[in-house]
Amino acid sequence: MNNSALSLSAEIDAALDWWRRAGVDCDFAREPQDWLAEDIAIQAAKPAGRAAAVEQPEDPPRSAPARMDLFAGAPPGDLRAFREWWLTAPGLDAIGPRGRVAPRGDAGADLLVLVPEPEDSDDERLLSGPQGRLLTGFMRAARVDEDAVYIASALPRHTPMADMANFARSGFDAVTARHLALAAPKRLLVLGAGVAPFLGLTPDVGPGEAAPFDAGEARIPCLMAEGLDAMLAMPGRKARFWRRWLAWSRP
């Protein structure tokens, strides 16, 4: 059988087999793609069948968490008192002090970096693992002195699969507001999806958006960006964040 006699299906199979033997089995792109958009559009265009006409029971609504005064009426008066409370307060969460990691830095810093939570490997130093090394590399490239940066987390410990919006509504938004007011940075960089509700912003505030954060008497310029974990997983996001940083930090 000559090549002209091959069916189209056989030709496609042969081409794919050639690439597999060459060790190529994936297609990569530098920028994220919405691979489901076309399928969603196709499904939306299909006429509804008999099965679709049957109403499906909706998931029961999730109850909002009870809002608490996590400071129990006695908010810390300075950063030293806040760190002590952050590490020891029994009413901050149901787990207790074990596993909490303190923020680091001094009040009045030129830049405060706020992340969702400590890394799973953190012990006494916040962001001591791969995410911290990525942040250190960024600050070195941006010519920012890391010792002059205040680094904080919205949650006191590593919390896998955390419902960030619920944590914020339960009272952590007030804790974050107090923390930032005491730290009083000149600028605020938020790295991570889900932190927006802790700042009193809606959860749909996306990466790259910049808006001042109202910290009592001061309004702090704020840039929302993707998380360090997301940048580690998809290196192309680092370049995108770098462009946003340059545009935001330019005098």
Side-chain angles (χ1 to χ4, degrees), residues 28 30 32 79-80 82-89 92-107 109-168 172 175-176 179-180 182-183 185 187-199 203 206-208 222-245 248-249:
F28 293 92
R30 293 184 62 84
L79 276 183
R80 181 177 180 180
F82 180 89
R83 289 192 185 103
E84 179 68 18
W85 172 85
W86 185 255
L87 292 176
T88 63
L92 182 57
D93 54 37
I95 300 177
R98 177 176 52 85
R100 296 180 191 172
V101 185
R104 52 187 171 99
D106 299 319
D110 287 337
L111 178 67
L112 188 150
V113 177
L114 179 63
V115 298
E117 59 184 346
E119 297 188 68
D120 59 358
S121 60
D122 286 350
D123 186 5
E124 295 183 356
R125 179 179 173 85
L126 181 61
L127 296 187
S128 59
Q131 295 181 34
R133 290 191 289 273
L134 177 60
L135 181 61
T136 296
F138 155 71
M139 289 190 286
R140 186 181 299 118
R143 297 183 179 180
V144 174
D145 182 4
E146 185 173 2
D147 292 335
V149 175
Y150 191 94
I151 299 177
S153 59
L155 295 178
R157 66 165 54 77
H158 180 67
T159 310
M161 306 296 291
D163 188 332
M164 299 295 284
N166 269 354
F167 270 109
F172 271 91
V175 171
T176 301
H179 191 179
L180 295 180
L182 293 175
R187 293 180 299 169
L188 173 61
L189 173 61
V190 179
L191 297 176
V195 184
F198 287 74
L199 302 173
C222 173
L223 175 65
M224 308 290 294
E226 292 166 312
L228 293 165
D229 56 344
M231 295 185 209
L232 285 171
M234 299 187 67
R237 295 184 178 184
K238 292 189 290 186
R240 185 166 55 187
F241 164 62
W242 179 253
R243 292 192 296 269
R244 290 167 176 166
W245 164 265
W248 181 67
S249 62

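Taking each heavy atom of Cys222 and Val190 in turn, the nearest pair found is SG-CG2, 3.8 Å. The two residues Leu134 and Lys238 make their nearest non-hydrogen contact at CD1-CD, 3.6 Å. In terms of heavy-atom proximity, Glu117 sits nearest to Pro160 at OE1-N, 4.3 Å. Here the closest heavy-atom approach between residue Val195 and residue Pro116 is recorded as CG2-CG, 3.7 Å.
The side-chain contact (heavy atoms from CB on, under 4.5 Å) search around Ala162 returns Leu155, Thr159, Met164, Phe167, not counting sequence neighbours. In this view, Arg187 satisfies the salt bridge (Lys or Arg N to Asp or Glu O under 4.0 Å) rule with no residue, not counting sequence neighbours. In this structure Ser128 satisfies the side chain to side chain donor-acceptor pair (under 3.5 Å) test together with Asp122, sequence neighbours excluded. Phe82 meets the ring pair (Phe, Tyr, Trp, His ring centres under 6.0 Å) test with Trp85, Trp86, His179; sequence neighbours excluded.
In this structure, CG on Leu111 lies 13.0 Å from OH on Tyr150, to the nearest 0.5 angstrom. Note that CZ of Arg83 is 13.5 Å distant from OG1 of Thr88, once rounded to the nearest 0.5 Å. Rounded to the nearest 0.5 angstrom, Met224 CE and Glu226 CD are separated by 11.5 Å. Rounding to the nearest 0.5 Å places CD1 of Ile151 at 8.5 Å from CG of Leu112. Between atom OG of residue Ser249 and atom CG of residue Leu189 there is a gap of 10.0 Å, rounded to the nearest 0.5 Å. For the atom pair CG of Leu79 and CD of Glu84, the computed distance is 13.5 Å after rounding to the nearest 0.5 Å.
Sorted by first and then second residue, the salt bridge (Lys or Arg N to Asp or Glu O under 4.0 Å) pairs with a member in residues 151-160 read Asp93-Arg157; sequence neighbours excluded. For residues 129-148, the set of pairs meeting the side chain to side chain donor-acceptor pair (under 3.5 Å) definition, not counting sequence neighbours, comprises Thr136-Glu146.
By the 4.5 Å heavy-atom criterion applied to side chains, Leu199 and Leu114 are counted as neighbours. Contact check for Phe172 versus Pro156: side-chain heavy atoms found under the 4.5 Å cut-off. Put simply, the side chain of Phe138 does not reach to within 4.5 Å of the side chain of Leu228, judged on heavy atoms. With a 4.5 Å cut-off on side-chain heavy atoms, Met231 and Leu191 count as touching. Side-chain atoms of Glu119 and Val101, non-hydrogen and from C-beta on, never get closer than 4.5 Å to each other. Contact check for Leu135 versus Val149: no side-chain heavy atoms found under the 4.5 Å cut-off.
Proximity of a side-chain donor or acceptor of His158 to a complementary backbone N or O of Pro118 within less than 3.5 Å is detected.
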